[in-house]
There are 2 protein chains.
Amino acid sequence: MENKKSVTIHDIAKELKIDSSTVSRALNNNPRVSAKTKKIVQDKAKEMHYQPNNLASNLRTQKSNTIGIIVPHITKYFFSTAISGIEEEAHKAGYNVIICQSKDSEELEAKNINTLISSRVDGILISPAIKTSKIDHIETAMKRNVPIFFFDRYIKGIETTKVITDDRTTSKELTLHLLEQGIQKLGVLAGDTKVSIYDNRVKGIYDAFKESGLNTESKLILQQIKLDVDDAHDAINNWVQNKVTFDAIFAMNDMAAIGAQIALQENGYKVPDDILVAGFSNEPIAKLVSPPITTVHQPAAEIGKLAAKKIINYIQESDTSILASETAVLKSELIIRASTEKKSTT
Amino acid sequence: MENKKSVTIHDIAKELKIDSSTVSRALNNNPRVSAKTKKIVQDKAKEMHYQPNNLASNLRTQKSNTIGIIVPHITKYFFSTAISGIEEEAHKAGYNVIICQSKDSEELEAKNINTLISSRVDGILISPAIKTSKIDHIETAMKRNVPIFFFDRYIKGIETTKVITDDRTTSKELTLHLLEQGIQKLGVLAGDTKVSIYDNRVKGIYDAFKESGLNTESKLILQQIKLDVDDAHDAINNWVQNKVTFDAIFAMNDMAAIGAQIALQENGYKVPDDILVAGFSNEPIAKLVSPPITTVHQPAAEIGKLAAKKIINYIQESDTSILASETAVLKSELIIRASTEKKSTT
DNA sequence: TTGAAAGCGCTAACAG
DNA sequence: CTGTTAGCGCTTTCAA
């Protein structure tokens with residue numbers, strides 16, 4: 001193991017008895033170098049197993065060719081899929097990605113942003129933490145001229161580019177679908193409405209009720225929970241024990257919908273015959289449980305790709321352009337499955 | 001937006017009329033600087049919103065404080081959980097992580113390694129692609145003195161540290177459990193046995209048969225498939241159509257197990273009464289389908305954490321130590337659920 | 001088309 | 001305890 005030092009452009013310049021700047025130009029395909037020397041240099045580089053030192057060139061050029069990603073939880077299918085999309089697009093454009101988890105904590109999120117700034121990322125794509133109420137850390141980044149774009153979730157009142165889905169519309173569609181099945185009372189397991197996406201989904205529900213001329217007072221019961229299997233399970237058990245009546249559940253993500261469905265089945269209810277169940281996000285699991293659960297497909301990979309494209313575009317043209325604040329809305333899609341189709345309706 | 005240039009240690013040195021090297025030392029808590037100036041400098045730094053430029057210090061110190069991760073698919077629950085573990089441990093130690101997906105492709109994997117080397121990561125944690133048969137790209141990294149450790153999957157014949165689970169043992173346990181239920185013929189949906197983990201799981205099955213004195217010729221049927229829901233579904237349908245007999249399925253991951261279970265149910269078989277079904281990996285979904293599926297819990301987060309700890313340790317002490325090649329084996333755990341417990345047995 | 005020289009922001013000898 | 005100085009590997013004027 002004696003390859004202590006890695007080979008630099010100076011090493012290959014020395015070998016070729018030319019200047020390192022020429023080597024640099026040749027390697028970067030600069031037109032101001034003859035095709036001949038270009039070839040010689042490139043061959044030599046390969047022969048010597050030259051591997052450019054990004055650290056150095058990044059320092060020199062003041063750009064890291066890296067974009068930072070901050071998500072609440074990398075293990076959630078939606079986010080890992082979105083990240084996958086970002087990564088693909090970034091690599092295509094010659095960018096690396098650094099990924100951070102906020103664990104839905106404001107402090108961690110602020111810390112992550114500082115780390116990313118220190119690493120001199122060229123831009124940040126963030127889906128903010130639930131608890132994010134302060135926005136200082138985000139504005140810090142913007143003040144430093146590192147662009148920070150939102151994807152999926154966003155914070156109201158911050159002027160920047162967002163890539164989101166039309167949750168509100170599709171939530172309304174889903175609610176209308178449930179109402180059309182002739183339900184009497186809808187139980188909603190909602191997420192924290194301080195988070196943009198849950199807020200929009202709730203608004204979509206109200207839109208549907210309004211459009212149908214129905215009274216939300218008597219026909220709707222809504223509870224905010226932590227949207228996971230266990231909490232949804234508990235919430236439903238509570239409702240059942242307290243004799244709360246309802247004949248449909250709209251849970252704002254699929255894991256909660258599954259938890260709800262299992263709780264209902266444990267309590268002897270049949271889905272969909274007695275009670276309908278719907279979720280949101282179209283996790284792979286939603287179609288594998290029994291009955292398969294009606295949900296909303298969100299184009300996670302596309303969101304990631306588009307967000308990546310937008311920020312890379314912005315980075316590469318930012319010398320001239322004004323700070324663009326733009327909202328791209330991707331369509332999500334209602335997927336109706338057995339959990340919301342009463343047999344009588346079939 | 002006029003904060004064009006970010007503040008450097010020279011800026012704060014100028015303000016304080018001291019030398020930038022003193023500032024550097026103060027910021028790094030170097031003992032060779034008085035507590036007084038340390039405080040002055042740190043206050044000033046905060047006041048000026050100084051944010052260190054890692055690019056520069058990394059170039060200078062020849063370390064990036066970054067570790068690279070390569071996994072086949074970031075969207076698989078096992079890997080995203082492992083990554084989450086790596087990330088946590090890395091951040092704790094002041095390291096960033098750069099994540100790459102190989103998409104199970106050898107070319108992409110090689111490319112990823114080059115990218116990571118160019119980014120001068122201090123070390124690489126990899127779970128290699130299925131198709132990886134050539135090992136040049138991995139040896140390239142090692143030759144360059146960037147440590148590259150395996151986690152979960154590994155490539156035989158490469159001497160380096162691995163963090164893996166005792167798949168073989170637990171696979172044997174699982175098989176014994178199935179045999180104890182009095183089954184006549186076990187159908188195995190295996191992954192590509194060129195991949196270490198699947199190879200080990202198959203070996204565990206044979207271990208169990210041997211220990212039970214059973215004949216694998218007549219009591220075992222094994223097919224290699226792509227381990228996902230659809231392929232497993234198809235495979236089972238094929239077996240059923242071709243009148244292959246079996247009364248238990250051992251699929252080498254949970255998604256395949258679920259696909260198999262659904263196919264069986266569609267064909268009118270009852271699980272577990274007619275046929276037992278078991279999976280592997282303990283994805284969250286496995287306990288949510290009906291019946292819940294027996295599986296093997298692998299400590300993904302712990303694998304990630306341990307791998308991170310080991311490589312960071314190695315990086316920080318590598319000046320003195322010889323290349324250590326060590327294999328850490330974490331225990332996985334058999335989780336028995338309804339899908340393999342015949343009612344008569346209960 | 002090529003070379004010389006300066007410098008990105010930071011750290012680390014070495015002096016004092 | 002603090003300052004001086006040099007240099008990490010690369011890019012980029014400016015001159016030739």
Side-chain angles (χ1 to χ4, degrees), chain A residues 4-42 44-45 48-66 94 117-122 144-145 319, chain B residues 4-42 44-45 48-66 94 117-122 144-145 319:
Chain A
K4 279 273 158 191
K5 304 230 65 60
S6 41
V7 345
T8 73
I9 52 171
H10 295 104
D11 297 329
I12 106 161
K14 217 170 285 171
E15 285 279 312
L16 259 30
K17 297 192 199 310
I18 58 177
D19 194 84
S20 61
S21 57
T22 308
V23 175
S24 170
R25 281 187 280 253
L27 259 20
N28 291 315
N29 241 310
N30 187 313
R32 291 177 27 182
V33 63
S34 73
K36 204 197 307 171
T37 46
K38 212 175 265 183
K39 176 149 177 38
I40 298 178
V41 169
Q42 283 164 355
K44 197 68 178 174
M48 298 177 71
H49 298 109
Y50 170 75
Q51 201 72 23
N53 184 330
N54 285 345
L55 256 35
S57 78
N58 291 345
L59 175 60
R60 178 61 227 247
T61 58
Q62 302 282 42
K63 41 184 69 251
S64 61
N65 292 310
T66 300
I117 291 178
S118 284
S119 295
R120 292 297 188 271
V121 295
D122 298 329
R144 280 178 192 287
N145 281 327
D319 15 15
Chain B
K4 278 275 157 191
K5 304 230 64 58
S6 43
V7 345
T8 74
I9 51 171
H10 296 104
D11 297 329
I12 106 161
K14 217 170 285 171
E15 285 280 313
L16 260 29
K17 299 192 198 310
I18 57 176
D19 194 83
S20 62
S21 58
T22 306
V23 175
S24 169
R25 280 187 281 253
L27 259 19
N28 290 315
N29 241 311
N30 186 312
R32 290 177 27 183
V33 61
S34 74
K36 202 197 307 173
T37 45
K38 214 175 265 185
K39 175 146 178 40
I40 298 177
V41 169
Q42 284 165 354
K44 198 68 178 177
M48 298 176 72
H49 297 110
Y50 170 75
Q51 202 71 22
N53 185 330
N54 286 345
L55 256 35
S57 80
N58 291 345
L59 175 60
R60 178 61 229 246
T61 57
Q62 303 282 43
K63 40 185 70 253
S64 61
N65 292 310
T66 300
I117 291 178
S118 282
S119 296
R120 292 296 188 270
V121 295
D122 297 329
R144 280 177 192 287
N145 281 328
D319 13 16

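Worth saying up front: this structure is predicted, and the values here are computed from it rather than measured. The sequence lines fix the lettering, A, B, ..., with proteins before strands; numbering per chain opens at 1.
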Check each residue of residues 15-23 of chain B for a non-hydrogen atom within less than 4.0 Å of any atom in DNA chain D, then write out the ones that pass by number, or none.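 Only B/Ile18, B/Asp19, B/Ser21, B/Thr22 qualify.
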In whole angstroms, how far is the [atom2] atom of [N] from the [atom1] atom of [X]?
{"X": "B/Asn53", "N": "C/dG7", "atom1": "CG", "atom2": "P", "result": "18 Å"}
{"X": "A/Arg120", "N": "C/dG9", "atom1": "CZ", "atom2": "P", "result": "8 Å"}
{"X": "B/Asn28", "N": "C/dA13", "atom1": "CG", "atom2": "P", "result": "14 Å"}
{"X": "A/Leu27", "N": "C/dT2", "atom1": "CG", "atom2": "P", "result": "14 Å"}
{"X": "B/Asn30", "N": "C/dT11", "atom1": "CG", "atom2": "P", "result": "11 Å"}
{"X": "B/Asn65", "N": "D/dC8", "atom1": "CG", "atom2": "P", "result": "20 Å"}
{"X": "B/Gln51", "N": "C/dC10", "atom1": "CD", "atom2": "C1'", "result": "15 Å"}
{"X": "A/Ile12", "N": "D/dG9", "atom1": "CD1", "atom2": "P", "result": "14 Å"}

Side-chain donor/acceptor of A/Asn30 to backbone N/O of A/Ala26, under 3.5 Å: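 No; zero donor-acceptor contacts below 3.5 Å.
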Between A/Ser64 (side chain) and A/Arg120 (backbone), is there a donor-acceptor pair under 3.5 Å?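 The answer is yes, because a donor-acceptor pair under 3.5 Å joins these two groups.
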Could you please name the option among [options] that lies closest to any side-chain atom of [X]?
{"X": "B/Leu59", "options": "D/dT2, C/dT11, D/dG9", "result": "D/dG9"}
{"X": "A/Ser34", "options": "C/dC10, C/dT2, D/dC10", "result": "C/dT2"}
{"X": "A/His10", "options": "C/dT2, C/dG9, D/dC10", "result": "D/dC10"}

Phosphate contact ([N] OP1 or OP2) by [X] side-chain N/O below 4.0 Å:
{"X": "B/Ser24", "N": "C/dT11", "value": "yes"}
{"X": "B/Asn58", "N": "C/dC10", "value": "no"}
{"X": "B/Gln62", "N": "D/dG9", "value": "yes"}
{"X": "A/Tyr50", "N": "D/dG9", "value": "no"}

Taking the side chain as every heavy atom from C-beta outward, state whether [X] and [Y] have any pair of such atoms under 4.5 Å apart.
{"X": "A/Asn29", "Y": "A/Lys38", "answer": "yes"}
{"X": "B/Thr66", "Y": "B/Asp122", "answer": "no"}
{"X": "A/Tyr50", "Y": "A/Ile9", "answer": "yes"}
{"X": "B/Val41", "Y": "B/Ile18", "answer": "yes"}
{"X": "B/Leu27", "Y": "B/Gln42", "answer": "yes"}
{"X": "A/His49", "Y": "A/Val7", "answer": "no"}
{"X": "B/Asn54", "Y": "B/Asn65", "answer": "no"}
{"X": "A/Asn53", "Y": "A/Ser57", "answer": "no"}

Can you name the side-chain hydrogen bond (donor to acceptor under 3.5 Å, both in side chains) partners of B/Ser119, sequence neighbours left out?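 A/Asn96.
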Pull out every protein N or O sitting under 3.5 Å from an N or O of nucleotides 14-16 of chain D, one pair per line with the distance.
from, atom 1, to, atom 2, distance (Å)
D/dC14, N4, A/Arg32, NH2, 3.4

Heavy atoms only, 4.0 Å cut-off, all strands: where does A/Asn54 land among base, sugar-phosphate and nothing?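 Nothing: the residue A/Asn54, judged by heavy atoms under 4.0 Å, touches no strand.
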Which is true for A/Thr61 with a 4.0 Å heavy-atom rule: it touches a base, it touches only sugar-phosphate, or it touches nothing?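 Sugar-phosphate, backbone atoms only, no base.
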Where each residue is assigned the nucleotide of DNA chain D containing its nearest heavy atom, which of A/Pro52 and B/Lys38 is assigned the position nearer the 5′ end?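 Comparing both residues, the 5'-ward one is B/Lys38.
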Which residues pass the salt bridge (Lys or Arg N to Asp or Glu O under 4.0 Å) test with A/Lys63, not counting sequence neighbours?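 By the salt bridge (Lys or Arg N to Asp or Glu O under 4.0 Å) rule, A/Lys63 matches no residue at all.
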Please give the angle, rounded to 10 degrees, between the axes at the start and the end of the helix from C/dT1-D/dA16 to C/dG16-D/dC1, where five pairs define each axis.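 Answer rounded to 10°: the end axes differ by 40°.
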Listed by chain and number, what are the side-chain contact (heavy atoms from CB on, under 4.5 Å) partners of B/Ser21, not counting sequence neighbours?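 Counting only residues at least two positions away or on another chain, B/Ser21 forms a side-chain contact (heavy atoms from CB on, under 4.5 Å) with B/Asp19, B/Arg25.
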